[in-house]
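Take a look at the structure below.
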Amino acid sequence: MSVQNNKIRVRFAPSPTGYLHVGGARTALFNYLFAHHQGGQFIIRIEDTDQARSTEESLKIILHDLKWLGLEWNEGPDSENLQDRGQHGPYYQSRRLAIYSQYAQKLLQEGKAYYCFLSDEEIEAQRAKAIQDGRPPQVQSPYETWSLEQAQSYMKEKDIKGVVRFKTRSLKKDYVVPDLIRGEVRFPSDMVGDFVLLRSDGMPVYNFCCVIDDALMEISHVLRAEEHLPNTLRQLMIYEACGWNPPAFGHMSLILNEERQKLSKRQGAVSCAEFREMGYLPEALNNFLALLGWSSPQGQEILSMEELIQQFTLDRLNPAGAVFDVKKLKWMNSVYLRALPEQELWQRVEPFLAKANLELPTEMEWRIRALKVFKTSMEVLKDAEELFRPICDKHFFISEEAQEALAWESSPVVLKSWLKNLEARAQDYMTEEEFVALQELVKNESGVKGKHLFMPLRVAVIGKPQGAELKILVPLLNLKSLIHRAQQVLNRY
RNA sequence: GUCCCCAUCGUCUAGUGGCCUAGGACAUCACCCUUUCACGGUGAAUACAGGGGUUCAAAUCCCCUUGGGGACGCCA
């Protein structure tokens with residue numbers, strides 16, 4: 001069996017033991033971009049050999065988030081019914097057990113692997129000793145020299161099971177990984193001890209399944225995070241033992257937190273779901289993630305998925321780790337937000353408003369007008385909640401910051417004039433021009449101008465002295481609620 | 001501890017020996033626009049970790065040091 005290098009096939013292989021981390025999302029994105037740029041296939045494989053931690057719930061979340069990001073896959077589990085789709089399945093490692101066992105048997109028979117009966121305690125003692133002696137903490141199994149028959153009869157006789165370890169002793173001195181991102185990386189083969197292929201319950205372990213699957217699924221390029229670089233040595237050994245040509249490898253830098261450590265759950269949001277719930281747009285998240293370790297040849301910062309695909313090449317990947325800068329993500333999100341037509345923006349904002357329990361006018365015309373006013377002050381969709389809340393009568397309240405403006409001597413005069421003139425009106429909504437004229441009237445009646453005029457007025461409209469321009473805000477409120485609000489403010493005195 | 005990776009403004013980065021007096025973006029600050037806030041506009045400040053080589057020439061190539069990170073599982 002040999003890998004067909006004329007066909008570009010890449011994969012993203014999550015283990016369903018949690019949410020989709022932004023680091024995973026970026027790995028998936030880069031694989032997706034590479035595949036599409038090259039006209040290749042993007043495959044999802046589920047690494048669920050850790051049965052204790054894998055859940056269907058997590059699988060659903062991960063697939064849902066990948067879809068939310070727009071990273072559709074050509075082969076792998078269907079995001080709806082979770083059934084396999086594609087010609088290289090099964091795509092769940094838990095359903096490929098017979099395959100792994102078959103290859104493990106072969107290695108066992110060829111003397112490239114052996115059964116080992118070391119206990120956890122014995123292994124732990126070896127590790128401790130090795131570290132103490134300044135050696136890498138590796139297992140040195142006395143069972144390495146046993147023949148397969150000897151081990152089998154031992155298991156039968158004692159009625160015990162052992163793990164299958166890969167034999168590294170007879171291997172060549174060092175291995176070179178021709179890495180697409182960091183050049184040739186040389187590993188001495190004594191860097192690893194005899195590692196486990198099959199657990200004692202027969203379940204295979206990551207490095208083993210990964211090789212078998214990548215080979216059988218005809219994966220041409222393995223693009224993954226740098227933390228897997230040391231695993232590559234083990235995998236190269238397995239490829240060799242199986243007589244297969246390894247795929248091309250590219251190890252991408254890690255995403256770091258402000259302390260320059262691997263980004264983890266400890267410090268704030270790291271899952272796609274969290275960013276979605278905070279109101280980040282998938283296109284903004286993709287764009288931001290793409291710029292973590294990759295740059296456009298023209299230095300373009302805002303790129304659509306199409307542009308990313310078109311411009312994406314591996315040679316522009318940066319080998320150094322990248323700090324996840326939420327401020328820049330926010331900025332980018334606001335750029336995408338503002339670029340969205342109001343009608344579409346409303347669709348995205350609506351679930352947030354509904355969740356915040358805000359009842360608002362239903363006419364599309366009103367919604368568009370409202371969003372035109374608010375979108376310059378939105379960074380994330382969730383910001384709409386605070387922006388729309390004052391518009392909603394049952395959430396109207398007079399804020400703390402309003403006190404100063406209300407305390408001005410001239411304010412009651414302004415407010416009384418405002419209320420009187422409102423009450424004289426009949427029309428439900430005011431136009432911008434009508435409001436400007438009305439404001440002029442209040443100004444003349446009260447003899448107050450400048451901030452002493454418009455600050456109390458703004459308080460009478462939205463309950464706080466700062467916010468969008470009154471002439472755009474006022475036309476969003478109907479007469480009844482404007483009057484009611486003015487009354488509430490006047491009742492303060 | 002051992003092995004591996006990495007190193008340009010606070011952050012993301014451009015830069016593949018002369019175009020670098022080091023460019024862009026976010027953030028910061030100032031000014032302009034604006035009867036507030038935001039948006040927008042203009043501008044400022046800020047970086048080649050240190051030391052040795054190689055070369056006519058080094059941010060770019062080599063070595064060392066330092067710093068950071070990752071990996072050393074019957075996790076992936």
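Here is the naming used below: chain letters follow the sequence lines, and residue numbers restart at 1 for every chain.
In terms of the side-chain contact (heavy atoms from CB on, under 4.5 Å) criterion, residue partners of A/Glu122 (sequence neighbours excluded) are, by chain and number, A/Leu118, A/Ser119. Shown here are the side chain to side chain donor-acceptor pair (under 3.5 Å) partners of A/Thr27, two or more places apart in sequence or in another chain: there are none. Listed by chain and number, the residues in a side-chain contact (heavy atoms from CB on, under 4.5 Å) with A/Glu440 are A/Lys443, A/Asn444 (sequence neighbours excluded). A/Thr376 pairs by the side chain to side chain donor-acceptor pair (under 3.5 Å) definition with nothing, not counting sequence neighbours.
Looking only at side-chain heavy atoms (C-beta outward), A/Asn231 and A/Tyr206 come within less than 4.5 Å of each other. Between A/Cys210 and A/Gln235, the closest side-chain pair of non-hydrogen atoms falls below 4.5 Å.
Residue A/Arg11 contributes atom CZ, which lies 13 Å from atom P of B/rA76 at whole-angstrom precision. Rounding to whole angstrom units, CD1 of residue A/Ile131 and C1' of B/rU2 are separated by 9 Å. The interatomic distance linking A/Ile62 (CD1) with B/rA76 (P) rounds to 14 Å, in whole Å. Spacing between atom CE of A/Met378 and atom P of B/rA38 amounts to 17 Å, rounded to whole angstrom units. A straight line from NZ of A/Lys330 to C1' of B/rC12 spans 18 Å, rounded to a whole angstrom.
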Under 3.5 Å donor-acceptor pairs involving side-chain atoms of residues 174-187 of chain A, not counting sequence neighbours:
| residue | atom | partner | partner atom | Å |
| --- | --- | --- | --- | --- |
| A/Tyr175 | OH | A/Glu240 | OE1 | 2.6 |
| A/Asp179 | OD1 | A/Ile181 | N | 2.7 |
| A/Asp179 | OD1 | A/Arg182 | N | 2.9 |
| A/Asp179 | OD1 | A/His251 | N | 3.4 |
| A/Asp179 | OD2 | A/His251 | N | 3.1 |
| A/Asp179 | OD2 | A/His251 | ND1 | 2.7 |
| A/Arg182 | NE | A/His251 | O | 3.1 |
| A/Arg182 | NH1 | A/Pro319 | O | 3.4 |
| A/Arg182 | NH2 | A/His251 | O | 2.7 |
| A/Arg182 | NH2 | A/Pro319 | O | 3.4 |

Under 3.5 Å between N/O atoms: give me all the protein pairs with nucleotides 24-34 of chain B, atom names plus distance.
| residue | atom | partner | partner atom | Å |
| --- | --- | --- | --- | --- |
| B/rG24 | N2 | A/Glu301 | OE2 | 3.1 |
| B/rA25 | O4' | A/Glu301 | OE2 | 3.4 |
| B/rA25 | N3 | A/Lys328 | NZ | 3.3 |
| B/rC26 | O2' | A/Lys328 | N | 3.3 |

Between N or O atoms, less than 3.5 Å apart, protein on one side and nucleotides 13-16 of chain B on the other: list the pairs.
| residue | atom | partner | partner atom | Å |
| --- | --- | --- | --- | --- |
| B/rU13 | OP1 | A/Gly293 | N | 2.6 |
| B/rA14 | OP1 | A/Ser295 | OG | 3.3 |
| B/rG15 | OP1 | A/Arg316 | NH1 | 3.2 |

Distances for protein N/O vs nucleotides 68-70 of chain B N/O pairs under 3.5 angstrom?
| residue | atom | partner | partner atom | Å |
| --- | --- | --- | --- | --- |
| B/rG69 | OP1 | A/Gln261 | NE2 | 3.3 |
| B/rG70 | OP1 | A/Lys262 | N | 3.3 |

Any protein N or O atoms within reach of nucleotides 20-23 of chain B? Criterion: under 3.5 Å, listing atom names and distances.
none

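Sorted by first and then second residue, the side chain to side chain donor-acceptor pair (under 3.5 Å) pairs involving residues 446-462 of chain A (not counting sequence neighbours) form an empty list. Pairs passing the side chain to side chain donor-acceptor pair (under 3.5 Å) check and including a residue from residues 402-413 of chain A, sequence neighbours excluded, do not occur.
The pairing partner recorded for B/rC29 is B/rG43, the criterion being a Watson-Crick or G-U wobble arrangement whose two distances lie under 3.5 angstrom. With a cut-off of 3.5 Å on both pairing distances, B/rA14 has no Watson-Crick or G-U wobble partner at all. Nucleotide B/rG67 forms a pair with B/rC6, judged by Watson-Crick or G-U wobble geometry with both contacts under 3.5 Å. The partner of B/rC72, taking Watson-Crick or G-U wobble pairs whose two distances both stay under 3.5 Å, is B/rG1. Using the Watson-Crick or G-U wobble rule with both distances under 3.5 Å, B/rC48 pairs with nothing in any strand shown.
A centroid separation of 6.0 Å or more is found between the aromatic rings of A/Tyr19 and A/Phe275. In this structure, A/Phe12 has its ring center at least 6.0 angstrom away from the ring center of A/Trp73.
A salt bridge between A/Glu47 and A/Arg45 is present, with a side-chain N of the basic residue lying under 4.0 Å from a carboxylate O of the acidic one. Salt bridge annotation for A/Arg367-A/Glu342: absent, with no cationic side-chain nitrogen under 4.0 angstrom from a carboxylate oxygen.
OP1 or OP2 of B/rA76 sits under 4.0 Å from a side-chain N or O of A/Arg199.
Across A/Leu281 and A/Asn333, no two heavy atoms sit closer than the pair N-OD1, 2.8 Å.
If you check residues 44-60 of chain A against RNA chain B, the residues with a heavy atom closer than 4.0 Å are A/Glu47, A/Thr49, A/Asp50, A/Arg53, listed by number.
Of all nucleotides listed (B/rC74, B/rC39, B/rG1), B/rG1 comes nearest to the side chain of A/Pro137.
Position along RNA chain B of the nearest nucleotide to A/Phe324 versus A/Pro14 favours A/Phe324 as the more 5'-ward residue.
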